[in-house]
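So the structure is just underneath, and the comments pick up after that.
First the proteins, then the strands, lettered A, B, ... as listed; each starts at 1. Just so you know, these numbers come straight off a predicted model, no measurement behind them.
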Number of protein chains: 2
Amino acid sequence: MAKKVPVIEDHSTEDKIKNAARKVFTQKGFAAARTRDIAEEAGINLALLNYYFRSKEKLFDIVMKETMQQFVVAMKDVFNNENTSLIEKVEAMVENYIALFKAQPNIPLFVLSEMRTRPDKFASTIGIKEVLLTSHFFRQIVQVTKGRINPLHFVINLIGLTVFPFIASPLLKNIGDMDSTQFDALMQERKKLIPEWIQAIIKTM
Amino acid sequence: MAKKVPVIEDHSTEDKIKNAARKVFTQKGFAAARTRDIAEEAGINLALLNYYFRSKEKLFDIVMKETMQQFVVAMKDVFNNENTSLIEKVEAMVENYIALFKAQPNIPLFVLSEMRTRPDKFASTIGIKEVLLTSHFFRQIVQVTKGRINPLHFVINLIGLTVFPFIASPLLKNIGDMDSTQFDALMQERKKLIPEWIQAIIKTM
DNA sequence: AATCGATTTAAACAAATGATTAAATCAAAA
DNA sequence: TTTTGATTTAATCATTTGTTTAAATCGATT
C-alpha cells in the first residue's frame, strides 16, 4: 500500500539537532526560526547547536541541501528509465511525490519560499535542472509537445497539479472544511486523477 | 491588450509607507521584513512608521487585508455572472489573475506563506470561502463533477495551473533559462492554454 | 508675526536573538 | 584510579530590531 518514507533516526545529538532544525525551518522558514526553538525542539542546550554546526546559517545550509537531494533521489531512476512510457513516468512521479509530501507537507512551500527570499543558497538547483533536462523523461515531453508548445508547460502542469495543493493546504482545508486526514484522502484520490488529467492535456497538445 | 492593474499612488506619507510595506512584506515575508527596510524603502524616518501605524504588526494586518481583498474584488463579478458558461468564467479568471500577478508576482507565495506560518491572521479567508461556495461558478462546478469527484479538485486544478508558476518562478526561470520578460511571455501563453486544458480535464470528469 | 496642532526627526530604550566563553560532566583509555 | 578529550551546560556578550520619547520643523489659522 502506502510506501514508507524513511525518516532519519536521531540517535546522536547531531541528528537530534538536525531533525529539530528540519522541523522548525520547514515550519517557520529561516527568518522566523529561532535557534532557541530548534534547541528546545531537539531537547538540548542552545550552545550545543553552535558547538556542532557553528551557526544557524550553516545548519540551514545542511538541512536545505539534504531537502533538495530528496527531490532528485526520489526521481532520478524514474526519470531515466528508458522502458517506461511518459504516462507511466507521470504515474510514478505523482505517486512518489505525494507520498513524500504527505510525510513532510511543509517542504514545498519551505523550499520555494527560501528560493525566492535567499536565491544565493541555490547553486544546488543546477543539479535538478541538469537531471531534468538531460533525462529520458524530458525527451519524451519534447516528443509530445514537439514544436507546438514550450515543453516547460508540461512540467509546470505536472508539478503544479501535484505540489500546489500542499502549498495551499491551509486555504484548501478551510474552503473544503477538511482536517488533515480528509486532506490526505483527497491527495490519495489525486494520485489516480492527475495522470488521467495529464493524459487529457497531452491530447490537446 | 494587456489590462492595466491599478497601482495605488503614494502621494501622502501614509500611502508611501503602506506601499513600501507592501513591497517589503511581499518580498521577504513578515518575519524577515525589518521596519527599517520599510522606512528606507518609503524614504521616511523610522519613527514615522509607528506614528502612522502603531506597530509592524498593525501595518502588516492592513497590507494583508488589502491584498486579500484584491482576490475577491477581482473575481466577485465573474463568479456570479449567471449568463456565462463555466469555461467562460475560467477564461476570465485566468486572464484576470495572470494580469494581477504579472504586476505583483510575489503576492501568491507571500499570502500562502503567511497563511501557514501565521494562520491566526486569516479570519478574512472566510470571506473568500463564502464568496466561492455560494457563487454561481461553484454551482456550475458541482454540476460538472456531480457525484463523481470532489468539486474541490476542479478548484485546485484551476488555481494550481494559474498560480503555481508564479510561486515557483525562480525555479522555472532557472530550468527554462528565462529572464522575467520571457517568463511573462510564457504566462501570456498560459492564458489561452489553461482554459483548453481545463476543458480537456472536464471531459474526463 | 504669534500660535497651535500636525508632522518629522534624531536619539535612545528594551527585548529578542545569534553566538561565545569558561566551567562542569562524562566516557573511554592508560 | 587517573587522565584526557569529547560533550554539555549556565551564564554572558554583542548585535539587531521593534518601539518610544522629546525635541524640532512645518503649515495653516488668528
Residues which pass side chain to side chain contact (heavy atoms under 4.5 Å, CB included) with A:Ile159, listed by chain and number, not counting sequence neighbours: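 A:Ile159 satisfies side chain to side chain contact (heavy atoms under 4.5 Å, CB included) with A:Val155, A:Val163, B:Phe164 once adjacent residues are dropped.
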
If the condition is salt bridge (Lys or Arg N to Asp or Glu O under 4.0 Å), which residues does [X] pass it with, not counting sequence neighbours?
{"X": "A:Glu57", "answer": "A:Arg118, A:Lys121"}
{"X": "B:Asp184", "answer": "none"}
{"X": "A:Glu41", "answer": "A:Lys23"}

Sugar-phosphate only, base, or nothing, as touched by A:Phe53 at under 4.0 Å among non-hydrogen atoms: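 No contact.
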
Pairs where residues 24-33 of chain B contributes a residue and the test side-chain hydrogen bond (donor to acceptor under 3.5 Å, both in side chains) is met, not counting sequence neighbours: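 Listed once each, the pairs are B:Lys28-B:Asp37.
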
Rounded distance (Å) that lies between atom C1' of C:dA10 and atom OH of B:Tyr51: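 For the pair B:Tyr51 OH and C:dA10 C1', the rounded distance is 17 Å.
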
Whole-Å gap separating P (C:dA10) and CD (B:Glu40):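 Between P of C:dA10 and CD of B:Glu40: 14 Å.
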
Stepwise side-chain contact (heavy atoms from CB on, under 4.5 Å) check, A:Asn106 with B:Arg116: CA-CA 9 Å; A:Asn106 293 318; B:Arg116 180 178 310 264; 2.6 Å; yes

Every protein N/O within reach of nucleotides 25-28 of chain C N/O, cut-off under 3.5 Å:
none

For [X], ring pair (Phe, Tyr, Trp, His ring centres under 6.0 Å) partners two or more places apart:
{"X": "B:Phe138", "result": "none"}
{"X": "B:Tyr97", "result": "B:Phe101"}
{"X": "A:Phe79", "result": "A:Phe137"}
{"X": "B:Phe53", "result": "none"}

Letter per nucleotide, 5' to 3', of nucleotides 13-19 of chain C [B base touched, S only sugar-phosphate touched, - untouched; heavy atoms, 4.0 Å]: ----BBB

Interface limits on DNA chain D, where chain B has a heavy atom under 4.0 Å of a nucleotide atom: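 Terminal contacting nucleotides, 5' to 3': D:dT17 to D:dT21.
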
